[in-house]
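For reference, the structure discussed in these notes is given below.
Throughout, protein chains are lettered first and strands after them, A, B, ... in sequence-line order, and every chain is numbered starting at 1.
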2 protein chains.
Amino acid sequence: MPPPSLAVMTAVTRETSLGIRQVSEETGLSIDTLRWYEREGLLPLVERSADGRRRYPPGALRFIRLVQALRRTGMPVADVRRFVTLGGGELANHPERMALLEQQCAQIEQRMVELRDDLTVVQAKIAQYRELIARGVDCEDELPDDLLAQISADPRLRGVVPGLPA
Amino acid sequence: MPPPSLAVMTAVTRETSLGIRQVSEETGLSIDTLRWYEREGLLPLVERSADGRRRYPPGALRFIRLVQALRRTGMPVADVRRFVTLGGGELANHPERMALLEQQCAQIEQRMVELRDDLTVVQAKIAQYRELIARGVDCEDELPDDLLAQISADPRLRGVVPGLPA
DNA sequence: GCTTGCGCTGGAGTCCACTCCAGCTCCTAG
DNA sequence: CTAGGAGCTGGAGTGGACTCCAGCGCAAGC
């Protein structure tokens, strides 16, 4: 049996498949980036319409979103490619693909912890500014209390740091 | 009164201040990066020992950690510089510095949401592989159910997709 | 039939954030 | 006194991920 004509395929997918512009708007990836991803082997399943333009069926769109999730969460392009080229739906590859994703999950969770910690650091600094402003104090307190104590305890250093109690 | 001699300063800070190597190990930033940050105006308060080597007092170290938090959470180097050059402990600048940090906090929170969403996407895909493996199924299910239904409903497309019920 | 707009291709260019290097100085150990 | 090691400087180089561009084709509207 010959494959169904392109015309038939088109008839079926026209309504659901998207042009590159629409995908770009839908995903936030630039048109250039979509084309570049494809060249780089990150999007293997892009169809073409009769006149050679890209058509993205919904499956492709969802795949793009997965790729996007991987990229946004810091997976390097090379690793995404690895994941993608492992594709083709062969059962034998499923474990490795899964392993890659699980690894990425671990990365993400680690990243989330780091992010939380960094957020705490920034918030602490904000609190400090709030305090300084409230007290109308100019100086940064980059000097820790213990060093300040040390300095004021040392008569040779009297006057090094302004604003210390004599 | 003349400023206290460098020797005296050194005597006080020797024990608490760190060399560049130690700071590198402490923070995970490479030695080159530390120097580069300094050149780029991200670390304005680096002291030098008598022979011209960098000495990082604890205040500097904590400042570096703040810079690191900002960088890791995605603040561009240029913005960190802006934040830093606003420094010097002048009261007038505190509001703007605070504003920058608050903006960054917002970014971080947004990023955390995005990260959670992306994690969900990846986890969903993992679940799907688990399912496919469990069922011993080869194919990706890149085709959504509705499209599958549409295809199997269309007699012209019988046979396009393998494994569909006739 | 011509212009306008969208898309295509291959290749070059850009941006950011480091990273590496040559050639120097200083200090310490043997 | 010399050999090795750590740091210093200014500048060049790198890697990753896009981003831009010239030159072309097709299709629709005037």
Side-chain angles (χ1 to χ4, degrees), chain A residues 6-7 10 13-14 17-57 60 64 67-84 104 107 111 118, chain B residues 6-7 10 13-14 17-57 60-61 64 67-84 104 107 118:
Chain A
L6 190 56
T10 310
T13 56
R14 172 126 11 110
S17 82
L18 303 176
I20 197 167
R21 176 163 303 268
Q22 294 168 293
V23 173
S24 165
E25 280 159 10
E26 198 75 21
T27 59
L29 293 171
S30 80
I31 290 178
D32 270 320
T33 298
L34 283 167
R35 288 199 277 245
W36 185 75
Y37 275 11
E38 191 179 340
R39 266 195 256 176
E40 293 296 304
L42 272 59
L43 305 177
L45 39 75
V46 178
E47 317 270 335
R48 298 300 178 112
S49 68
D51 63 347
R53 302 187 172 196
R54 291 168 178 81
R55 302 260 75 197
Y56 299 82
I64 291 172
V67 167
Q68 230 183 336
L70 295 176
R71 286 290 305 116
R72 268 198 305 245
T73 57
M75 184 183 279
V77 164
D79 294 11
V80 178
R81 178 167 35 237
R82 170 90 187 126
F83 172 79
V84 170
Q104 186 62 11
Q107 296 278 318
R111 186 89 194 78
D118 289 339
Chain B
L6 191 57
T10 309
T13 55
R14 172 128 10 113
S17 81
L18 302 177
I20 196 167
R21 176 164 303 268
Q22 293 168 295
V23 173
S24 165
E25 280 160 10
E26 197 76 20
T27 60
L29 293 171
S30 80
I31 291 178
D32 269 321
T33 299
L34 283 167
R35 287 200 278 246
W36 183 76
Y37 275 10
E38 191 180 340
R39 266 194 256 176
E40 291 295 304
L42 272 59
L43 303 178
L45 38 76
V46 179
E47 317 271 336
R48 298 300 177 110
S49 69
D51 64 347
R53 300 183 174 200
R54 291 168 177 80
R55 302 259 74 196
Y56 298 82
L61 186 57
I64 291 172
V67 167
Q68 231 183 335
L70 294 176
R71 285 291 303 116
R72 268 198 305 245
T73 57
M75 185 184 279
V77 165
D79 293 12
V80 178
R81 178 166 36 236
R82 170 89 188 125
F83 172 78
V84 170
Q104 187 61 10
Q107 296 278 317
D118 289 337

* So B:W36 and B:V77, side chain to side chain contact (heavy atoms under 4.5 Å, CB included) or not? Walk me through it. -> CA-CA 11 Å; B:W36 183 76; B:V77 165; 4.2 Å; yes
* To do: Output the distance between atom CZ (B:R54) and atom CG (B:L34), rounded to the nearest 0.5 Å.
  => 8.5 Å
* Asked: Just to confirm, is there a sub-4.0 Å distance from OP1 or OP2 of D:dA6 to any side-chain nitrogen or oxygen of B:R21?
  -> no
* Please walk me through it: do A:I20 and A:R53 pass side chain to side chain contact (heavy atoms under 4.5 Å, CB included)? -> CA-CA 8 Å; A:I20 197 167; A:R53 302 187 172 196; over 6 Å; no
* Atom-pair distance (CZ on B:R72; P on C:dA17), nearest Å -> 15 Å
* Asked: Between atom CD in A:E47 and atom P in C:dC8, what is the gap in whole Å?
  -> 14 Å
* Structure fact -> Atom CD1 of B:I20 and atom P of C:dT25 are separated, to the nearest Å, by 20 Å
* Is it true that a side-chain atom of B:Q68 and a backbone atom of B:L29 form a donor plus acceptor pair closer than 3.5 Å? -> no
* Asked: So does B:R81 get a side-chain nitrogen or oxygen closer than 4.0 Å to the phosphate oxygens (OP1/OP2) of C:dC16?
  -> no
* To do: Mind running a 4.0 Å heavy-atom check of residues 30-41 of chain A against DNA chain D and sending the residues that fall below it, in number order?
  => A:S30, A:D32, A:T33, A:W36, A:Y37
* For the residue pair A:T73 and A:Q104, confirm or rule out a side-chain donor-acceptor distance under 3.5 Å. => yes
* Asked: Hey, does the side chain of A:R71 come within less than 4.0 Å of D:dC18's phosphate (OP1/OP2), counting only N and O?
  -> yes
* Check whether any side-chain N or O of A:S17 sits under 3.5 Å from a backbone N or O of A:Y56 as a donor-acceptor pair, and report yes or no. => no
* Asked: Could you state the CE-C1' distance from A:M75 to D:dA17, rounded to the nearest angstrom?
  -> 16 Å
* To do: Please tell me which of A:D51 and B:R53 maps to the more 5' nucleotide of DNA chain D, matching each residue to the nucleotide holding its nearest heavy atom.
  => B:R53
* For atom CZ of B:R48 and atom P of D:dC8, their distance in whole Å -> 6 Å
